[in-house]
Amino acid sequence: VQLVESGGDLVQAGGSLRLSCVASGVPAIDYTIGWFRQAPGKERSGISLIYAGDGHTWYADSVKHRFTISSDNTKNTVYLQMNSLEPEDTAVYFCAGREGSLSYEGDSLWDGFFPYWGQGTQVTVSS
């Protein structure tokens, strides 16, 4: 399983970006794909996930109503649309995958649920 993120960039506060996570070697529809981020000096934290098989999604409170996760099964790609970006969103963003459904509804997504990881893409939000 190979996951490759793209779409990170430098953007001004209030702007938008769309990150992509392309899955190779497996059908993304059979996998739960999560997005995590790690800011300098901070631990990696989960911000969203999707299981395309049943459409289940989850968002951390910090990004709810600003970020939207979606999938395009024809392209084996999961997207993270990020709107109303804030300097606090500056981080390296990673996508991660695990086979099957993860019907997560908690507050803090554990990265140990995911055995497969991309290399990350940098998002920088300037004030």
Side-chain angles (χ1 to χ4, degrees):
V1 179
Q2 184 177 16
L3 301 174
V4 178
E5 307 96 332
S6 63
D9 206 344
L10 170 64
V11 64
Q12 288 189 331
S16 299
L17 282 175
R18 188 178 76 163
L19 305 184
S20 300
C21 173
V22 179
S24 300
V26 294
I29 193 172
D30 293 336
Y31 277 67
T32 295
I33 302 296
W35 282 99
F36 291 75
R37 66 185 182 185
Q38 186 167 20
K42 295 187 177 180
E43 293 186 355
R44 186 165 58 188
S45 63
I47 57 173
S48 187
L49 68 76
I50 187 169
Y51 178 61
D54 62 9
H56 175 73
T57 60
W58 170 86
Y59 298 93
D61 287 345
S62 60
V63 305
K64 199 173 293 183
H65 307 306
R66 298 189 299 126
F67 292 8
T68 303
I69 193 169
S70 63
S71 66
D72 183 337
N73 299 326
T74 65
K75 297 181 178 179
N76 235 27
T77 301
V78 170
Y79 301 101
L80 186 69
Q81 177 66 42
M82 306 188 297
N83 299 329
S84 301
L85 283 163
E86 305 166 350
E88 293 74 22
D89 295 316
T90 295
V92 178
Y93 284 69
F94 300 89
C95 67
R98 61 169 279 143
E99 188 173 7
S101 173
L102 177 62
S103 299
Y104 187 76
E105 294 288 358
D107 296 327
S108 181
L109 183 62
W110 181 47
D111 57 8
F113 286 135
F114 297 87
Y116 307 109
W117 290 82
Q119 82 289 347
T121 186
Q122 176 70 46
V123 172
T124 303
V125 184
S126 63
S127 57

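Heavy atoms only: backbone and side chains are in, while hydrogens, waters and symmetry mates are out.
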Drop me the distance from L85's CG to F67's CZ, to the nearest 0.5 angstrom.
5.0 Å

Tell me whether Y116 at atom OH has more than 12 heavy atoms from other residues, nucleotides or ligands lying less than 6.0 Å away.
no

I need the minimum non-hydrogen distance between F114 and L49, along with the two atoms involved.
CZ-CD2, 4.4 Å

If you measure from CD on E86 to OG on S62, what distance do you get to the nearest 0.5 Å?
9.0 Å

With sequence neighbours excluded, tell me which residues meet side-chain contact (heavy atoms from CB on, under 4.5 Å) with T90.
Q122, T124, V125

Could you pull out all residues at least two apart from Q81 that satisfy side-chain hydrogen bond (donor to acceptor under 3.5 Å, both in side chains)?
N83

Is a side-chain N or O of T32 found less than 3.5 angstrom from the main chain of L102, in a donor-acceptor match?
yes

Under 3.5 Å: donor-acceptor pair, side chain of S84, backbone of G14:
no

Give the intermediate values and the outcome of side-chain contact (heavy atoms from CB on, under 4.5 Å) for residues F94 and L3.
CA-CA 9 Å; F94 300 89; L3 301 174; over 6 Å; no

Sequence neighbours excluded, the answer for side-chain contact (heavy atoms from CB on, under 4.5 Å) partners of Y79 is R18, S20, S70, D72, K75, T77

Which heavy atom in W35 sits nearest to a heavy atom in C21, and how many Å separate them?
CZ2-CB, 3.6 Å

Residue list, side-chain hydrogen bond (donor to acceptor under 3.5 Å, both in side chains) with D54, at least two apart or on another chain:
none

Path from V22 to V78 over hydrophobic side-chain contacts below 4.5 Å
no

Shortest non-hydrogen contact from P27 to Y31?
O-CD1, 3.6 Å

Could you tell me which non-hydrogen atom of A52 sits nearest to which non-hydrogen atom of S71, and how far apart they are?
CB-OG, 3.4 Å

Do the side chain of N76 and the main chain of V26 share a donor and acceptor less than 3.5 angstrom apart?
yes

Could you report the tightest heavy-atom contact between G8 and L19, atom names first, then the distance?
N-CD2, 3.6 Å

Answer with yes or no whether the hydrophobic clustering places M82 together with L109; edges join I, L, V, M, F, W, Y residues whose side-chain heavy atoms lie under 4.5 Å apart.
no

If I compare all heavy atoms of W58 with all of G106, which pair ends up nearest, and what's the gap?
NE1-O, 2.8 Å

Spacing of I33 atom CD1 and I50 atom CD1 [to the nearest 0.5 Å]
9.5 Å

Would the F36 and W117 ring centres measure less than 6.0 Å apart?
yes

Pairwise side-chain contact, V63 with L80, heavy-atom cut-off 4.5 Å (strictly under)
no

Sorted by first residue and then second, give each salt bridge (Lys or Arg N to Asp or Glu O under 4.0 Å) pair with at least one member in residues 29-46; sequence neighbours left out.
R37-D89, R44-D111

Sorted by chain and residue number, the side-chain contact (heavy atoms from CB on, under 4.5 Å) partners of Q119 (sequence neighbours excluded) come out as V4, E5

